[in-house]
Amino acid sequence: MIQKPKGTYDVYGYKGEQISYLENLMKSLMEKYHYQYVRTPLFESTELFHRGVGETTDIVSKETYDFKDRGDRNMTLRPEGTAGVVRSFIENKMYADPNQPIKTWYYGPMYRYERPQSGRFREFYQFGVEVFGGSDPLLDAEVISIPVNFYKLIGLKGIKVNINSLGDKESRDAYRTALKEYFKPYLNDLCEDCKNRFEKNPLRILDCKVDASKECMKHAPKMIDYLNETSKNHYEKVKEYLDLMCIPYHENPNLVRGLDYYTHTVFEVEADIKGFGSQNVLCGGGRYDHLVEQIGGPDTPGVGFALGLERLLSAIESEEIKLPIEEGIDAYLIPMSENEKSFCFYTMQVLRMNGFKVEMDDCNRALKGNFKQADRLDAKFVILVGEEEIDNEVLTIKNNKTKEEFKVDNEYLVNFLDEKLQDFEIDDHFEEECHTHDHESSM
Ligand code: HAM
């Protein structure tokens, strides 16, 4: 049997409903933040990621899916969303739009040739935002608030926000020099990757998993001590805005992130959940004030983040959160014989177009089997259609919970269901309110 590629997964059943719920939630949250939806190709010129993500990053040096297309062009499946959105910002001259900053959001699959393990896939989905044309620290805080509020709406309690500042170019250069001076005598103790990083991007040494426990790592200079006044002020302002929004955070001076493009604020949200796997970083992002220029656009500041859908689903499972997925259907139509099937089919289309969730017997079940099916589908109403119903244009409708029976004129069917379903909505609404209240008290 042909199997799915390593590091990928299929979505079906309840997982599909969970994902669909989360996709709707991100969409409605982004509407409230007034961000515009953008979509870029799944593959881009290889050069974009070399310039955008950085040659020294693991992502570009070890993990990209590269291929030559039939025109002999070097292409790469996108390993992340930022570089593509920046390319699109430049190519579509969004910088010329008078309505700055440009606030965008996206959702889609990304590809990294990593060693698959729990929470780490070769095809995974990211929900992310990129904001261009604003350097106010307020925007950094707004971007951090998006995943935090998203997790809050879902009801996820065990999250920890880690932040750090990498400063502006001047601060980073000073820090880079200090790091090189510090690590020079330890160079032989460091792994091969770090020896490379020493020349090209010494900051990334701090991020190394192989060398993490070595003594020299513990006493390395801290970025925070090399921030100039502008960078310090920016960082302080971001923290003030986070405090204002009551978003708790933890300052982690070793947080450098695995991508080369960051300046000033970097952040990650960790799952602080007992028993959660080692891939516990739920999302990450930060400011990238030189990336647009680096990719060939005008000097434009930017800030953004991306969160992984798969790790979020694991966190939801670990915390045993039941998403308020609307299960069940409004009505189930039962034709008493083959003769009433067309009438039921037509009625089903009318009801669906009037906004009801409807199914009918499409397997020629016996009456008993049909009532069982209505229960399995959690139908609120069962509509029975026999010869008599069609002749008299009066339908027999059963409340599937109370078993109460109604005779309803065919032409009033939509009104009847509308009215009767409101009783159900009152019940649902009550449950929803309790649910929301639970979330509010959690933060
Ligand atoms: P990243 O930290 O590489 O950042 O990825 C963001 C999130 O994507 C991670 O925190 C994780 O949840 C998820 N993720 C990454 N790799 C995998 C994988 N192999 N399997 C499953 N989930 C994964 C970025 O991609 C930046 N573009 C974020 C950003 C946007 N920065 C500024 N704007």
Side-chain angles (χ1 to χ4, degrees), residues 5-9 22 35 38 40 44 48-49 52-54 57-60 62-65 77-89 101-132 139-140 142-144 146-148 150-151 156 159-164 166 204 207 255-271 276-292 294-295 301-316:
K6 211 170 153 185
T8 67
Y9 62 96
L22 294 171
Y35 278 45
V38 292
T40 60
E44 298 265 6
L48 173 68
F49 301 111
V53 179
T57 59
D58 283 354
I59 298 176
V60 163
K62 302 180 190 159
E63 296 168 0
T64 48
Y65 277 88
L77 291 185
R78 62 183 186 194
E80 56 103 57
T82 313
V85 177
V86 170
R87 197 250 331 119
S88 165
F89 173 81
I102 300 281
K103 298 179 171 186
T104 68
W105 76 277
Y106 54 90
Y107 169 71
M110 309 292 160
Y111 300 87
R112 294 185 193 175
Y113 193 80
E114 296 195 85
R115 198 163 55 81
Q117 51 186 292
S118 127
R120 176 165 284 182
F121 295 88
R122 289 185 174 170
E123 180 185 70
F124 58 97
Y125 278 68
Q126 280 188 345
F127 156 38
V129 312
E130 311 298 347
V131 175
F132 300 101
L139 292 168
D140 307 36
E142 175 171 294
V143 165
I144 297 175
I146 294 172
V148 171
F150 186 56
Y151 297 141
L156 209 59
I159 61 158
K160 185 173 152 198
V161 181
N162 291 311
I163 61 166
N164 190 21
L166 301 181
R204 295 266 349 270
D207 197 34
L255 182 68
V256 294
R257 307 261 307 123
L259 302 98
D260 279 354
Y261 43 63
Y262 295 110
T263 50
H264 291 289
T265 318
V266 283
F267 77 99
E268 284 183 348
V269 179
E270 255 178 65
F276 197 78
S278 59
Q279 302 303 320
N280 67 343
V281 181
L282 296 179
C283 81
R287 179 164 278 284
Y288 46 86
D289 285 347
H290 306 296
L291 184 61
V292 177
Q294 221 166 290
I295 294 186
V303 55
F305 89 94
L307 69 79
L309 183 79
E310 295 73 14
R311 293 186 197 174
L312 171 60
L313 284 167
S314 303
I316 288 172

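Start at 1 and go down the list; that is how both ligands and their atoms are numbered.
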>> For Tyr288 and Tyr262, I'd like to know if the aromatic rings sit close, meaning centre-to-centre distance below 6.0 Å.
In response: no

>> Run the side chain to side chain contact (heavy atoms under 4.5 Å, CB included) test on Val129 and Phe305 for me, step by step, so that the C-alpha distance in whole Å, both residues' side-chain angles and the decisive distance to 0.1 Å come before the verdict.
In response: CA-CA 6 Å; Val129 312; Phe305 89 94; 3.6 Å; yes

>> Taking the basic N atoms (NZ, or NE/NH1/NH2) and the acidic carboxylate oxygens, is any pair closer than 4.0 Å for Glu142 and Lys103?
In response: yes

>> Does this structure show an ion pair linking Arg78 with Glu44, if we count only N-O contacts that are shorter than 4.0 Å?
In response: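 Looking at Glu44 together with Arg78, the answer is no, because their closest N to O distance does not fall below 4.0 Å.
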
Please tabulate protein-ligand N/O pairs under 3.5 Å for ligand 1, atom names and distances to 0.1 Å.
from, atom 1, to, atom 2, distance (Å)
ligand 1, 2 (O), Arg257, NH1, 2.9
ligand 1, 2 (O), Arg257, NH2, 3.0
ligand 1, 3 (O), Arg112, NH1, 3.0
ligand 1, 3 (O), Arg112, NH2, 2.9
ligand 1, 4 (O), Arg257, NH2, 3.0
ligand 1, 5 (O), Gln126, NE2, 3.2
ligand 1, 8 (O), Gln126, NE2, 3.1
ligand 1, 10 (O), Val281, O, 3.4
ligand 1, 10 (O), Cys283, N, 3.4
ligand 1, 12 (O), Val281, O, 3.2
ligand 1, 12 (O), Leu282, O, 3.0
ligand 1, 12 (O), Gly308, N, 3.2
ligand 1, 16 (N), Arg112, NH1, 3.3
ligand 1, 19 (N), Glu114, OE2, 2.4
ligand 1, 19 (N), Phe121, O, 2.8
ligand 1, 20 (N), Phe121, N, 2.9
ligand 1, 25 (O), Arg112, NH2, 3.2
ligand 1, 25 (O), Gln126, NE2, 3.1
ligand 1, 27 (N), Glu80, OE1, 2.6
ligand 1, 27 (N), Thr82, OG1, 2.8
ligand 1, 27 (N), Tyr261, OH, 3.0
ligand 1, 31 (N), Tyr262, OH, 2.6
ligand 1, 33 (N), Thr82, OG1, 3.3
ligand 1, 33 (N), Glu130, OE1, 2.9
ligand 1, 33 (N), Glu130, OE2, 3.2
ligand 1, 33 (N), Phe305, N, 3.3

> So Phe127 and Tyr107, ring pair (Phe, Tyr, Trp, His ring centres under 6.0 Å) or not? Walk me through it.
Replying inline: CA-CA 4 Å; Phe127 156 38; Tyr107 169 71; 7.4 Å; no

> Taking the side chain as C-beta and beyond, is there a heavy-atom pair between Val86 and Phe132 under 4.5 Å?
Replying inline: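 Result yes, sub-4.5 Å side-chain heavy-atom pair found.
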
